[in-house]
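What follows is a set of notes on a single structure, which appears directly below.
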Amino acid sequence: MSTVAGITPGGTASANLKTAHEASVFGEAIDYFNEAAANLDLDPNIKRILTHPSRQVIISIPFQRDNGDLDVYTGYRVQYSFARGPAKGGIRYHPGVTLDEVTALAFWMTWKCAVVDLPFGGGKGGVTCDPRVLSDHELERLTRRYAAEIIEIIGPDKDVPAPDIGTNAQTMAWVMDTVSMHMRSHTPGVVTGKPLCIGGSRGRVEATGRGLTIAIQAALEKMGKTLARQRVAVQGFGNVGSVSAKLLAQQGAIIVGVSDQFGGIYDKRGIDVEAAMAYVTAATNEKRTLEGFSGAERITNEELLELPCDILVPAAIEDQLTVENAGRVKAHIIAEGANGPTTPGADGLFSQAGVTIIPDILANAGGVTVSYFEWAQDRMGYYWRESLVNERLEEVLRENFDAVWSLAQQRSVTLRTAAYMLAIRRVVDSLLTRGIYA
Ligand code: NAD
């Protein structure tokens, strides 16, 4: 296990230009933080602490391929902050995973947990790999070795991983089992997003999409509107995108377009989301894509983002809405299902154009909120019914959405800046109350 020094964060992005920061995901994330910090008049000493990750770990993961060869992949775990509790955040398996990206994701987790007032800090992990070309046996060996390499720094009171892009409940089961075997102690609370039969929570699989739906409904209510007949386009048809599309359609929205990494489909009369989900699930090839789904027009991912619609839900990966395409986006509400889908330059343009952005740290916080419920249930050994999970999720999200909305109104700032302001205040309160061990 080796640690590396923090990445040096930089200054503020201009609203109109694609800045050098947009090459660094962490740099972009810091831009958003800086804007909120300026509105809070944050002490420069505190700001210095909050713009450095607590710990970054890089590991080599040797694992055996099915043909007997040994491969070595690179993995990361970044624990950005422990001020409010154990680090918390997913594990990503994707060819694009870098230390910079994992650091940005751990940074966002810090503010996400704080904005919905959970007793967690922020963390994230990842392995640079393409899980779609690995067999289940290879994925299991890779996951167990990754878990074994970070075993000293994860645990219910240290750092609690969860699924992210390319990982799922089964991956979490392997992590939980590896830790329990090494520790000689049953440790369900070391990860969340587990299968139900080993201590997962009811409602966790749908939690992020459900939270996103609640956040959109809350925003529409503030504008005196409802979801009925709102036209929605969703980029990304994985866990977050597909569940969001399904729940929004159930509430009366018309899902005019959905897409995955291979392209999208469009039907202005509305896509049958459950049929599309069944089509993708039934696909037997490794792509598991919407490609070939009949009854809708084929479009590109770029076209999806620019569709005539009222609400756009980017629910795939970072940096999808940029200064290049922002001017062509027609939606007047953007609800960020993905982490970091909007670059700071594009964010400035949307703000000038009066587009309401429900920021990632609030819009997709439903997943970590139910992860918190799962962690609490594991620690109690007492499991809740799904209606109770959903009821408590709605309570947490509505209460904190209202706090963000009111702060945005009072201070005449965007919802993103208000969300960061609320989250930063909470983290700073914890930091100062504990005292700085320096
Ligand atoms: P997933 O792996 O289940 O799905 C990702 C989807 O995005 C897939 O449909 C994939 O084809 C698509 N995609 C990938 N690259 C793309 C590209 N270049 N263009 C268009 N589509 C692309 O992942 P997920 O869990 O749904 O996560 C999606 C996003 O939501 C990520 O940013 C993740 O960090 C964030 N998120 C997830 C959760 C969660 O609980 N799963 C919680 C909060 C935030």
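Sequential numbering from 1 along the given sequence is applied to the chain's residues. For clarity, every value in this text was computed on a predicted model and none was experimentally measured. Whatever order the structure lists ligands and atoms in, that order sets their numbers, starting from 1.
- In this structure a side-chain-to-backbone donor-acceptor pair under 3.5 Å is present from D260 to L290.
- Checked options T213, I214, L212, L227; the residue passing with L247 is T213 (criterion: side-chain contact (heavy atoms from CB on, under 4.5 Å)).
- Protein residues with a heavy atom under 4.0 Å from ligand 1 are R92, K112, D164, I165, G166, R204, T208, Q235, G236, F237, G238, N239, V240, D260, Q261, N301, A315, A316, I317, G337, A338, N339, N364.
- The OG1 atom of T281 sits 11.0 Å away from atom CD of E274, with the distance rounded to the nearest 0.5 Å.
- In this pair, F107 and W111 present their aromatic rings perpendicular. The plane angle is above 60°, beyond the 30 to 60° band.
- Panel note: side chain Q64, backbone R141; no donor-acceptor pair is recorded below 3.5 Å.
- The side-chain tip of R392 does not point at the ring of F373 from less than 6.0 angstrom away and within 45° of straight on.
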